[in-house]
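The structure appears below as structure tokens.
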2 protein chains.
Amino acid sequence: MPKIVDHEERRRRLVDAVWALTVRGGIEQVTLRKVAEQAGVSMGQVQHYYSSMQALVRDALDRAVRAVNANIEKAVEAAGATTPEAVLRACLHALISPDQESMRLMRFSLAAAGRAVSDPTMARVLAPGDDELLSFTAGLITAARQERGVELREDARMDADISWALATSLGVDVALGYRSPEAAARVLSHHIDQVLGVLGSGGREATA
Amino acid sequence: MPKIVDHEERRRRLVDAVWALTVRGGIEQVTLRKVAEQAGVSMGQVQHYYSSMQALVRDALDRAVRAVNANIEKAVEAAGATTPEAVLRACLHALISPDQESMRLMRFSLAAAGRAVSDPTMARVLAPGDDELLSFTAGLITAARQERGVELREDARMDADISWALATSLGVDVALGYRSPEAAARVLSHHIDQVLGVLGSGGREATA
DNA sequence: CGGTTTGCAATGCGACCGCATGGCAAAAGG
DNA sequence: CCTTTTGCCATGCGGTCGCATTGCAAACCG
């Protein structure tokens, strides 16, 4: 077995080139030649690692999904969140992080979602969360309500659904510059407050 | 002035072809030749009415925005909404209408939004609402709260913002088949109930 | 009737696309 | 040494793209 290279590293380079090209000029700029140039390799190498353009874009999307999830987990850890409410807030706020890397991922995800119109496998990031995620989040909401002493309701799952949809939407807006990170954070916090029953009567303090 | 034709009708035909092509195969299928074929005219005619491909897609987006707004107004009228709450619900629910025409527009809008990554003029429909819309909606929310006898808060504008973001997101999901119209309607109604303070303690009836 | 203006249709051009193919350099085994 | 396997580069092909150009028929004015 001669000439052993790190395949994973090669693919990461190529996918990163796809992200960069998409963010800079839209997904229609992602061509074999441009990807090769951006990654500083030859067209041949791109073809060597991906059997087709579609396969490359698909892998780029796969990795984007995993990267977003990793960012969320990282954000939860970084926040040192111990209470369910803190975990909930950290998870949702991770989607609107003004961090360059996060914004890159959101922008690429939006471009990919545009393709979902014709290719159902292309939504993933911006589509509704799956059962597992919603159940987990609903659990957080219920636990947070309990801790706050708020009367419980059976609609936690729906609130989880709404919360992810809103956070995703805000994340796209931030990544495209339609909202400032601060404004998006205020909106998201306001919604979480409402979900957790924090908003009683004109109270302003709520949470940081 | 010889050979007078209806320019507006021509453009409508062409834009409709753009919508159809985008919905069927993604915005990357929108080419001069395909648009001409879809509209049943020659490439020359397309070029006669639009100086470039970009101009055509831009007009298609313009008209989509106007069509969505028209659909909303139509929905309000059709519902015979008289109270602020009924108007509010009609407006928001118009975005998740499972009507073929509405879903076409949402799908095209999503494809266009995918281009917003590289072309800022391409968001429009799926971007946050403008000041005027938010103020109007906030007014509806406040009035609806008053009618319900709910204690007033000063956050109506933010709730309006969130409501539009959620309705838009749900509308995309419905148009792409990620949610059934009924499921989306339940989610949206639940959110509006929450905004209007309908959800007190485990109550189930709320609204239809 | 001829002239002018409008509304297109047809065709051609250069650029770029994804992908297939063929070959060659480097590393390891014999 | 030679062979084999791996990783990759270079090039060529058929197709499609947006757009410019050219020409001409229909409709109105005089």
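Every chain is numbered from 1 and lettered A, B, ... according to where its sequence line falls, protein lines coming before strand lines.
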Atom NE2 in B/His93, atom CD1 in B/Ile192: separation rounded to 0.5 Å?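 Those atoms lie 4.0 Å apart.
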Considering only distance and modelled atom types, tabulate donor-acceptor pairs under 3.5 Å from the side chains of residues 122-134 of chain A, sequence neighbours left out.
| residue | atom | partner | partner atom | Å |
| --- | --- | --- | --- | --- |
| A/Arg124 | NH1 | A/Asp62 | OD1 | 3.1 |
| A/Asp130 | OD1 | A/Glu132 | N | 3.4 |
| A/Asp130 | OD1 | A/Leu133 | N | 2.8 |
| A/Asp131 | OD1 | A/Arg157 | NH2 | 3.0 |

Could you tell me whether the side chain of B/Arg145 and the main chain of B/Val195 form a donor-acceptor pair under 3.5 Å?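 Indeed, once roles are kept as given, a pair shorter than 3.5 Å links the two residues.
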Quick one: list whatever passes side-chain contact (heavy atoms from CB on, under 4.5 Å) with [X], sequence neighbours left out.
X: B/Thr22; result: B/Val18, B/Ile27, B/Val30, B/Phe108, B/Ala111
X: B/Thr142; result: B/Leu152, B/Ala156
X: B/Phe136; result: B/Leu140
X: B/Arg11; result: B/His7, B/Tyr49, B/Tyr50, B/Asp59, B/Arg63

Salt bridge (Lys or Arg N to Asp or Glu O under 4.0 Å) against A/Glu182, all qualifying residues, sequence neighbours excluded: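 By the salt bridge (Lys or Arg N to Asp or Glu O under 4.0 Å) rule, A/Glu182 matches no residue at all.
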Apply salt bridge (Lys or Arg N to Asp or Glu O under 4.0 Å) to A/Asp6 and list each qualifying residue two or more places apart in sequence or on a separate chain.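 In terms of salt bridge (Lys or Arg N to Asp or Glu O under 4.0 Å), with neighbours along the sequence ignored, A/Asp6 is linked to no residue.
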[N] [atom2] sits how many Å from [X] [atom1], rounded?
X: A/Tyr50; N: D/dG7; atom1: OH; atom2: P; answer: 15 Å
X: B/Gln45; N: C/dA9; atom1: CD; atom2: P; answer: 5 Å
X: A/Glu37; N: C/dC16; atom1: CD; atom2: P; answer: 11 Å

For nucleotides 20-22 of chain C, list the nitrogen or oxygen atoms of the protein found under 3.5 Å from its nitrogen or oxygen atoms, one pair per line.
| residue | atom | partner | partner atom | Å |
| --- | --- | --- | --- | --- |
| C/dA20 | N7 | A/Gln47 | OE1 | 3.4 |
| C/dA20 | N6 | A/Gln47 | NE2 | 3.1 |

Using atom types as modelled, flag every donor-acceptor pair under 3.5 Å from a side chain in residues 34-41 of chain B to any protein atom, sequence neighbours excluded.
| residue | atom | partner | partner atom | Å |
| --- | --- | --- | --- | --- |
| B/Lys34 | NZ | B/Gln29 | OE1 | 2.8 |
| B/Gln38 | OE1 | B/Arg24 | NH2 | 2.9 |

Under 4.0 Å from any atom of DNA chain C, heavy atoms only: list the residues of residues 9-22 of chain B that qualify, in numerical order.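 Residues of residues 9-22 of chain B under 4.0 Å from DNA chain C: B/Arg10.
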It should be established whether A/Tyr49 places a side-chain nitrogen or oxygen under 4.0 Å from OP1 or OP2 of nucleotide D/dC8.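 A/Tyr49 to D/dC8 OP1/OP2: side-chain N or O found under 4.0 Å.
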C/dT6 phosphate, OP1 or OP2, under 4.0 Å from B/His7 side-chain N/O: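 No, because none of the side-chain N or O atoms of B/His7 sits under 4.0 Å from OP1 or OP2 of C/dT6.
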Counting side-chain heavy atoms from CB outward, which of D/dA10, D/dC19, D/dG7 is closest to A/His48?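 For A/His48, the side-chain atoms sit closest to D/dG7.
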Ignoring hydrogens and angles, write down the donor-acceptor pairs under 3.5 Å from the side chains of residues 164-173 of chain A, residues two or more places apart or on other chains.
| residue | atom | partner | partner atom | Å |
| --- | --- | --- | --- | --- |
| A/Trp164 | NE1 | A/Thr137 | OG1 | 2.8 |
| A/Thr168 | OG1 | A/Trp164 | O | 2.7 |
| A/Asp173 | OD2 | A/Arg179 | NE | 2.9 |

Check nucleotides 14-17 of chain D for protein N or O atoms closer than 3.5 Å to its own N or O atoms and list the pairs.
| residue | atom | partner | partner atom | Å |
| --- | --- | --- | --- | --- |
| D/dC17 | OP1 | B/Thr31 | OG1 | 3.3 |

